[in-house]
Each structure stands twice: as C-alpha cells, then as structure tokens.
Amino acid sequence: MADDHSSFTKDLLPKKSPLLLRTIVVLFVMLCGVYICSVCLKQIRTGTSIRFLSIPEVIQKPCQKPHIEPEEAPYVHFPKPTTYSRAECACNPVRYFAIFSMQRSGSGWFETLLNNHTNISSNGEIFSVKVRRSNMSTISETLDRVYNLDWLSSASKNECTAAVGLKWMLNQGLMQNHGQIVEYFNTRGIAAIFLFRRNLLRRLISVLANTYDRDVKLLNGTHKSHVHSHQEAEILAKYKPTINTTLLLADLKQVEDRTAKALQYFNSTRHIILYYEDVVKNRTKLKDVQDFLKVPQRDLKSRQVKIHKGSLSNQVENWGDVQKALNGTHYESFLHSDLRRYIWIFSLGREAISSITEKVMQLEPL
C-alpha cells in the first residue's frame with residue numbers, strides 16, 4: 001500500500017525536463033554577456049570622449065609669446081595654415097614683411113639672398129599677375145594667403161618658417177592703393193623693406209637692356225632677366241642701348257619722384273631703407289636686415305651673376321650725348337660713380353696696407 005502511495009506521488013509531481021534546464025542556462029549566459037558588453041561599451045565611450053576632447057584643448061591653447069619688447073609685440077604672429085599643420089612649430093613666432101622696390105634695382109638678387117636663409121621665405125613678384133592686384137579685395141585675399149603660410153611656391157620653406165613675405169614692385173598696384181595697403185600693414189603688423197638704387201642711370205641702362213632681350217632673346221631664344229653663369233652674363237652685356245637724351249632728365253626725375261612718394265606714403269609702417277650699392281659694398285647690411293626680421297644670423301649667398309660690370313661709358317652706345325645731357329645737373333654724379341668706386345676700393349687697399357705695416361713695425365727685430 002505504501003509503495004502504491006509513493007508511486008502515485010511521483011506521478012503527480014512534474015518531471016524535470018533537460019531541455020528546460022538548458023534553455024534557462026542559455027538565457028542566463030546571454031543576459032550576463034549583454035551586461036558585460038554594455039559595461040565595456042560605456043568605458044570605451046568615456047575613454048574616447050576624453051581623448052578627443054583633450055586634442056582640441058591642446059590645439060586651441062594660445063601660444064605663449066616669447067620674451068620680447070612691448071613695441072615688438074604687434075609684429076609677432078602665430079599663423080595657422082589651412083593647407084598643412086605647423087606641428088611642433090605651431091608656437092614658433094613668424095614675422096611678416098614685404099620688399100618694396102622697382103624693376104632692375106637688384107631686388108631679384110636681394111630676394112635670393114633672403115631665401116638662402118633657412119628660416120626666411122620670400123615668394124617673389126606675386127602681384128605681377130594683374131588679376132591679383134585688380135582691387136583692394138583681391139590684394140587683401142592674396143596677402144592673407146601669403147601671411148597665413150598658405151601660399152605655396154619654390155621659396156616656401158617648412159612649418160618652422162620665421163619670416164615670410166613677398167617682393168612688390170611700386171608699379172604693381174602698390175602706389176594706387178597705398179592708403180588701404182598702409183592700413184592693412186599697420187593693422188596686421190607687417191614690415192616693409194625698401195630697396196632702391198642710388199645710381200638711377202645704371203638702373204635705366206639695365207631696364208633698356210632687359211627690354212631689348214625680352215624681344216630679341218639673346219640666349220638661344222630664351223629671355224632671362226637674371227643669369228647664373230658668367231658666360232650668359234657676358235652675352236647679355238654685349239648689347240649697348242642707345243639712351244634717348246631728350247627724355248633722359250624727365251625719366252630720371254620720374255623715378256626719383258616715385259621713390260620719394262613711396263617713402264612718404266609708407267612712412268608710418270615699420271620699415272628699413274636699403275640701397276643696392278650699399279648692400280653690394282657692405283655685407284653688414286644683410287646683417288641689419290636679419291636683425292630687422294629677428295632671425296638668426298647667417299652668411300647669405302646668391303647664385304646670380306651680375307650682368308653689367310665696369311665703366312658706364314662702355315655700356316652705352318651714345319655715351320657722349322649722355323654726358324652732355326647730365327653735365328651741370330644734379331644727376332651729374334651718376335656719370336662719376338665709377339670714379340668714386342675706384343677711390344673707395346683704393347682707400348680700402350691703402351687701409352689694409354697701413355694695417356699690415358703697423359703690425360710689421362710692432363714685431364720685435366730678429
């Protein structure tokens with residue numbers, strides 16, 4: 001009877017199904033997996049957001065200006081190019097400049113000297129293209145690209161450029177828009193480097209010879225304003241222009257007046273005035289320029305070769321007429337610049353000989 005009761009009880013109780021147990025275990029494992037994944041995802045999102053937030057904070061952090069004099073502060077810049085990253089040089093200060101000059105005044109040679117410096121980029125005659133100087137709006141857009149280090153040219157250095165600028169001729173929209181350009185320069189802290197030529201007669205000869213070669217192309221059908229070999233320089237120097245003496249005085253005065261006006265217009269800008277002849281004779285002028293741009297001193301060199309050398313009388317076809325036109329005028333000194341140069345060279349030689357003599361006299365006798 002007892003056995004029958006036990007059997008009856010077992011029949012009433014539900015039987016434990018292996019399939020049900022397996023299902024419960026699988027559901028439990030799935031829930032645990034979902035929980036663990038959600039926790040991991042939260043940690044990843046938190047870490048990622050922290051890392052991404054930290055990058056802009058570093059980039060947007062303003063650069064600390066180096067120890068400079070208060071009057072120099074407006075001329076220290078930290079450009080942020082849009083075409084590339086300055087990387088570790090983002091906080092290296094950059095100076096902005098422009099070379100103001102006239103054609104055949106030695107500006108091409110001078111610019112190659114500046115570009116020989118590892119930290120200076122001068123981008124050439126950008127405004128020789130007329131559309132870029134058509135109005136002040138296009139001028140400003142062009143200058144913005146240059147000074148933001150977004151103007152790419154053969155002169156462009158690297159992200160660690162310390163001085164950037166261009167060469168700007170007086171007849172390339174500079175004088176016509178001088179008022180707005182002065183405001184642009186003073187507002188943005190841009191310095192001007194004036195480079196002119198003392199002997200305007202030599203400049204005129206160079207202009208005439210360059211114009212002739214542009215039409216004739218003496219170097220195997222190729223026009224070159226600047227050369228890098230003595231052979232090419234000798235070929236170009238063989239041409240002797242004939243100067244129109246009727247217009248000579250007026251031409252010289254026009255250049256003289258334009259130079260004076262440029263100095264007057266841009267007098268309120270931070271600037272330095274250089275003359276080609278002084279830079280040629282006295283290389284300490286290049287040190288003055290490097291000091292002006294606040295870049296490390298370097299021995300600057302150029303591959304360009306001077307075309308017109310020697311006496312002016314050998315470079316002009318109608319030299320006698322030129323002498324008659326300039327004698328008795330305040331331009332007469334241009335005729336005798338060669339004599340002054342020889343006197344200067346002679347004085348240097350005499351000083352050197354005198355110095356050697358003094359040193360010899362100081363030596364003890366044998």
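Bear in mind that the values here come from a model prediction, so they are computed numbers and not experimental data.
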Shortest non-hydrogen pair, Arg104 vs Ser225, comes out as NH1-O, 3.1 Å
- Query: Do Ile181 and Trp151 belong to the same hydrophobic cluster, where Ile, Leu, Val, Met, Phe, Trp and Tyr are linked whenever their side-chain heavy atoms lie under 4.5 Å apart, directly or via other members?
  - Reply: yes
So, does Asn148 use its side chain to make a donor-acceptor pair with the main chain of Lys80 at under 3.5 Å? yes
| Leu219 vs Lys224, side-chain contact (heavy atoms from CB on, under 4.5 Å): CA-CA, chis, key distance, verdict | CA-CA 8 Å; Leu219 298 174; Lys224 289 187 178 182; 3.8 Å; yes
Item to check | Within-4.5 Å side-chain heavy-atom neighbours: Ile139 and Arg132 | outcome: no
Residues Glu277, Arg198: salt bridge by 4.0 Å N-O rule
no
Within a reach of under 6.0 Å around CD of Gln176, are more than 12 heavy atoms found that belong to other residues, nucleotides or ligands?
yes
Minimal heavy-atom distance between Asn123 and Val146, with the atoms involved, is ND2-CG1, 4.1 Å
Is the number of heavy atoms from other residues, nucleotides or ligands under 6.0 Å of Lys253 NZ greater than 12? no
| query | Does the pair Asp150 and Thr82 meet the rule for a side-chain hydrogen bond (donor to acceptor under 3.5 Å, both in side chains), with working shown? | reply | CA-CA 7 Å; Asp150 283 320; Thr82 59; 3.1 Å; yes
Counting N and O atoms only, with roles assigned by atom type, does the side chain of Ser206 sit under 3.5 Å from a partner on the main chain of Arg203, one being a donor and the other an acceptor?
no
Quiz prompt | Sub-4.5 Å side-chain heavy-atom contact between Val289 and Leu114 | solution = yes
Determine, using the 4.5 Å side-chain heavy-atom cutoff (strictly less than), whether Val164 and Phe127 are members of one ILVMFWY cluster.
yes
Does the pair Glu256/Lys261 count as a salt bridge with the N-to-O cut at 4.0 Å?
no
All heavy atoms of Glu232 vs all of Val227, minimum pair found to be OE1-CB, 3.6 Å
- Item | CA sep, side-chain torsions, deciding dist, call: Tyr184, Asp144, side-chain hydrogen bond (donor to acceptor under 3.5 Å, both in side chains) | CA-CA 10 Å; Tyr184 183 97; Asp144 287 345; 2.5 Å; yes
Measure the shortest side-chain to side-chain distance between Trp168 and Leu143 over non-hydrogen atoms and say whether it is less than 4.5 angstrom. yes
(Q) Determine whether Asp299 and Arg283 satisfy the following criterion, salt bridge (Lys or Arg N to Asp or Glu O under 4.0 Å), listing intermediate values before the conclusion. (A) CA-CA 9 Å; Asp299 183 19; Arg283 287 304 180 94; 5.7 Å; no
- Compare all side-chain heavy atoms of Phe100 with those of Ile193 and state whether any distance is below 4.5 angstrom. no
- prompt: Where do Lys287 and Asp291 land on the salt bridge (Lys or Arg N to Asp or Glu O under 4.0 Å) test, with the steps shown first?
  reply: CA-CA 6 Å; Lys287 294 183 178 180; Asp291 286 339; over 6 Å; no
Q | Common cluster, Phe196/Tyr331, ILVMFWY with side-chain heavy-atom separation under 4.5 Å | A | yes
In short, Tyr147 meets Phe185 closest at the heavy-atom pair OH-CZ, 4.4 Å
Practice task
Could you go through the side-chain contact (heavy atoms from CB on, under 4.5 Å) check for Leu326 and Leu249 one step at a time?
Solution key: CA-CA 8 Å; Leu326 297 185; Leu249 292 177; 3.7 Å; yes
| message | Is there a side-chain hydrogen bond (donor to acceptor under 3.5 Å, both in side chains) between Thr112 and Gln304? Walk through the geometry before answering. | response | CA-CA 8 Å; Thr112 61; Gln304 284 193 14; 4.5 Å; no
Note to self: For Arg214, is the CZ atom crowded, meaning more than 12 foreign heavy atoms sit under 6.0 Å from it?
What the structure shows: yes
Lys/Arg cation over aromatic Tyr75: Arg270, 6.0 Å, 45° cone
yes
- Message: If you count heavy atoms of other groups shown closer than 6.0 angstrom to CD of Glu71, is the number above 12?
- Response: yes
Check your understanding: In terms of heavy-atom contacts, does CG of Asn220 have more than 12 from other residues, nucleotides or ligands at under 6.0 Å?
Key -> no
Q: Evaluate the ring planes of His178 and Tyr265, with Trp represented by its six-membered ring, and classify them as parallel (under 30°), tilted (30 to 60°) or perpendicular (over 60°).
A: parallel
dist Leu274:CG -> Asn282:CG (nearest 0.5 Å) comes out at 11.0 Å
Notebook entry, point to check: Take atom NZ in Lys240; do more than 12 heavy atoms of anything else shown fall under 6.0 Å from it?
Noted result: yes
Using the rule that two of Ile, Leu, Val, Met, Phe, Trp, Tyr join whenever any of their side-chain heavy atoms come within less than 4.5 Å, decide whether Trp319 and Ile205 are in one cluster.
yes
*For the residue pair Asn199 and Leu312, establish whether any side-chain heavy-atom pair is separated by less than 4.5 Å.*
yes
* Would you indicate whether Lys324, at its atom NZ, is surrounded by more than 12 heavy atoms from other residues, nucleotides or ligands within a distance under 6.0 Å? => no
Ser107/Ser105 under side-chain hydrogen bond (donor to acceptor under 3.5 Å, both in side chains): CA gap, chis, key distance, verdict: CA-CA 6 Å; Ser107 60; Ser105 296; over 6 Å; no
Exercise. Flag the pair Leu247 / Asn244 as yes when at least one side-chain heavy-atom distance between them is below 4.5 Å, and no otherwise.
Key: yes
Correct closest heavy-atom pair for Ile307 and Ala237 would be O-CB, 3.4 Å
Smallest heavy-atom separation, Phe78 atom then Cys91 atom, equals CE2-O, 3.2 Å
Notebook entry, point to check: Step by step, would you call Met175 with Leu170 a side-chain contact (heavy atoms from CB on, under 4.5 Å)?
Noted result: CA-CA 6 Å; Met175 303 293 279; Leu170 300 189; 4.1 Å; yes
(message) If you apply the rule side-chain contact (heavy atoms from CB on, under 4.5 Å), what do you find for Tyr212 with Leu218, and how did you get there?
(response) CA-CA 9 Å; Tyr212 175 80; Leu218 296 172; 4.2 Å; yes
State whether the number of non-hydrogen atoms from other residues, nucleotides or ligands found under 6.0 Å of His228 atom NE2 is greater than 12.
yes
